[in-house]
Peer 1: 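Quick one: the structure is below, and I'll ask about it shortly.
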2 protein chains.
Amino acid sequence: MTFKKNQSAGYLVNHVARIFAHGLAERIKPLGITIGTFPVLLELWETDGLTQKQLVDRLQIEQATMANTLARMERDGLIIRNKDKNDGRVQRIWLVEHVREMYDAAIAAAMEVNASTLAGLSKAERRQFIILMQKVIETSRNRVSHAS
Amino acid sequence: MTFKKNQSAGYLVNHVARIFAHGLAERIKPLGITIGTFPVLLELWETDGLTQKQLVDRLQIEQATMANTLARMERDGLIIRNKDKNDGRVQRIWLVEHVREMYDAAIAAAMEVNASTLAGLSKAERRQFIILMQKVIETSRNRVSHAS
DNA sequence: ATTTATTACATAGCAAGCTATTCAAGTGAT
DNA sequence: ATCACTTGAATAGCTTGCTATGTAATAAAT
């Protein structure tokens with residue numbers, strides 16, 4: 001029996017992630033933001049002035065990836081960074097005013113993408129989708145923490 | 001009520017895809033292959049000598065992405081490309097001998113990744129995971145074909 | 001037969017992810 | 001006080017994905 005990619009969780013989930021990414025990208029492009037910045041914005045909308053380290057911990061993105069994403073965001077005028085007074089190593093990240101006001105539109109876009117991409121699923125299936133993803137992430141989180 | 005990223009299908013599925021990618025990457029690295037080439041290899045192991053166009057259609061990857069992936073594969077000695085006799089536009093892609101022999105090891109790696117990443121799910125949940133992914137892909141496929 | 005359109009592929013340029021490495025600022029031990 | 005360690009961030013260099021655009025070969029239309 002041969003390996004069938006359309007029965008492989010890893011293959012399928014990569015495909016699905018690209019579908020979501022594509023949908024989100026086209027919907028937030030008018031706002032002047034991109035998919036990589038979106039999770040960062042979500043955190044900052046909730047808590048402005050986080051450090052890079054805090055963003056890395058909350059978003060499970062590698063530090064180097066975060067540094068690059070923040071550099072692009074600063075370049076594009078979405079955030080400003082300034083050194084912490086008490087600790088010269090840490091950079092605090094602050095939203096620029098007009099970005100703080102984009103919250104509603106951005107959230108609407110994200111909810112639209114979720115709804116339309118999952119349109120083929122029943123309400124129960126959509127709930128199950130979320131639960132399964134959370135469980136997989138939890139499994140991985142445990143594995144990683146054991147390993148270290 | 002605020003938007004919660006850990007309840008957002010798009011956010012979660014991106015995270016899960018990165019977990020799978022990481023797991024696969026470390027397991028196939030010893031074989032000298034990377035995650036982007038893996039789907040291409042799956043197709044060629046089944047049908048050697050496909051054209052770039054056929055790979056694009058079967059893997060739902062953009063043509064430009066495929067061209068770049070194939071260029072890397074050729075550079076790394078995984079494939080050779082040659083022009084089709086009947087149609088000067090098409091490139092046929094052929095596996096190099098030692099890559100053809102990697103099938104068993106590569107499939108074993110993929111199955112391991114799937115098993116260990118989904119270890120926190122019951123058998124029924126794993127089955128459900130596959131079904132939900134397939135449905136989302138199907139929904140997207142229909143939408144795209146309507147749009148064109 | 002020539003022109004026009006289509007098709008297959010390549011190239012340019014970017015975002016977003018990664019690992020590995022470096023650097024500077026704090027912390028601790030002696 | 002100094003030396004070693006740790007921690008936060010930056011940088012280098014790569015893969016994998018995308019859109020937009022260019023190019024050459026074939027097919028279709030007149």
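Note on naming: letters A, B, ... go to the chains in the order of the sequence lines (proteins, then strands), and numbering restarts at 1 for each one. Note that this is a predicted model, so its numbers are computed, not measured.
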Peer 1: Tell me, with the steps shown, if A:I79 and A:V96 meet side-chain contact (heavy atoms from CB on, under 4.5 Å).
Peer 2: CA-CA 5 Å; A:I79 57 166; A:V96 162; 5.5 Å; no
Peer 1: B:D84 vs B:T51, test: side-chain hydrogen bond (donor to acceptor under 3.5 Å, both in side chains). Steps then yes/no.
Peer 2: CA-CA 9 Å; B:D84 188 284; B:T51 70; over 6 Å; no
Peer 1: List for me each residue that meets side chain to side chain donor-acceptor pair (under 3.5 Å) alongside A:R100, sequence neighbours excluded, and say none if there are none.
Peer 2: A:E97
Peer 1: Find the distance A:E62:CD to D:dC14:P and express it as a whole number of Å.
Peer 2: 19 Å
Peer 1: Got a list of side-chain donor-acceptor pairs under 3.5 Å for residues 26-33 of chain A, not counting sequence neighbours?
Peer 2:
{"from": "A:R27", "atom 1": "NH1", "to": "A:E112", "atom 2": "OE1", "distance (Å)": "3.1"}
{"from": "A:R27", "atom 1": "NH2", "to": "A:S116", "atom 2": "OG", "distance (Å)": "3.3"}

Peer 1: Show me, pair by pair, the donor-acceptor contacts under 3.5 angstrom made by side chains of residues 62-69 of chain B, not counting sequence neighbours?
Peer 2:
{"from": "B:Q63", "atom 1": "NE2", "to": "B:Q52", "atom 2": "OE1", "distance (Å)": "3.3"}
{"from": "B:N68", "atom 1": "ND2", "to": "B:A64", "atom 2": "O", "distance (Å)": "3.4"}
{"from": "B:T69", "atom 1": "OG1", "to": "B:T65", "atom 2": "O", "distance (Å)": "3.0"}
{"from": "B:T69", "atom 1": "OG1", "to": "B:R72", "atom 2": "NH2", "distance (Å)": "3.3"}

Peer 1: D:dC14 C1' sits how many Å from B:D76 CG, rounded?
Peer 2: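 Interatomic distance, CG of B:D76 to C1' of D:dC14: 11 Å.
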Peer 1: If the condition is side chain to side chain contact (heavy atoms under 4.5 Å, CB included), which residues does A:E138 pass it with, not counting sequence neighbours?
Peer 2: A:R141, A:N142
Peer 1: Write down the distance between CZ (B:F38) and P (D:dT15), rounded to a whole number of angstrom.
Peer 2: 18 Å
Peer 1: Between A:G88 and A:T37, just flag the one whose closest nucleotide in DNA chain C comes earlier from the 5' side.
Peer 2: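 The residue closer to the strand's 5' end, by nearest nucleotide, is A:T37.
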Peer 1: Output the rounded distance in Å from CD1 (B:I35) to P (D:dC14).
Peer 2: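 Rounded to whole Å, this separation is 17 Å.
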Peer 1: Report the distance from atom NZ of B:K29 to atom P of D:dC14, rounded to the nearest whole Å.
Peer 2: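 Value for this atom pair: 13 Å.
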Peer 1: Sugar-phosphate means primed atoms, P, OP1 and OP2; the rest is base. With that split, encode nucleotides 1-12 of chain C 5' to 3' as B, S or - using protein heavy atoms under 4.0 Å.
Peer 2: ------BSBBB-
Peer 1: In whole Å, what is the span from the CZ atom of B:R75 to the C1' atom of D:dG13?
Peer 2: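 That distance rounds to 12 Å.
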Peer 1: Quick one: side chains of residues 12-19 of chain A, donor-acceptor pairs under 3.5 Å with protein atoms, not counting sequence neighbours, listed by atom name and distance.
Peer 2:
{"from": "A:N14", "atom 1": "OD1", "to": "A:R18", "atom 2": "NE", "distance (Å)": "3.2"}
{"from": "A:R18", "atom 1": "NH1", "to": "B:Q60", "atom 2": "O", "distance (Å)": "2.9"}

Peer 1: Just to verify, what does A:A21 make a side chain to side chain contact (heavy atoms under 4.5 Å, CB included) with, not counting sequence neighbours?
Peer 2: A:I35
Peer 1: Mind checking what makes side chain to side chain contact (heavy atoms under 4.5 Å, CB included) contact with B:N82, not counting sequence neighbours?
Peer 2: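 Per chain and number, B:N82 pairs via side chain to side chain contact (heavy atoms under 4.5 Å, CB included) with B:R92, B:W94.
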Peer 1: Which residues, if any, of residues 11-28 of chain A bring a heavy atom under 4.0 Å of DNA chain C?
Peer 2: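 Listed by number, there are none.
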Peer 1: Tell me the interatomic distance from A:I61, atom CD1, to D:dA9, atom P, rounded to whole angstroms.
Peer 2: 16 Å
Peer 1: Rounded off to whole Å, could you give me the CG-to-C1' distance for the A:N86 and C:dT27 pair?
Peer 2: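 About 15 Å, once rounded to whole Å.
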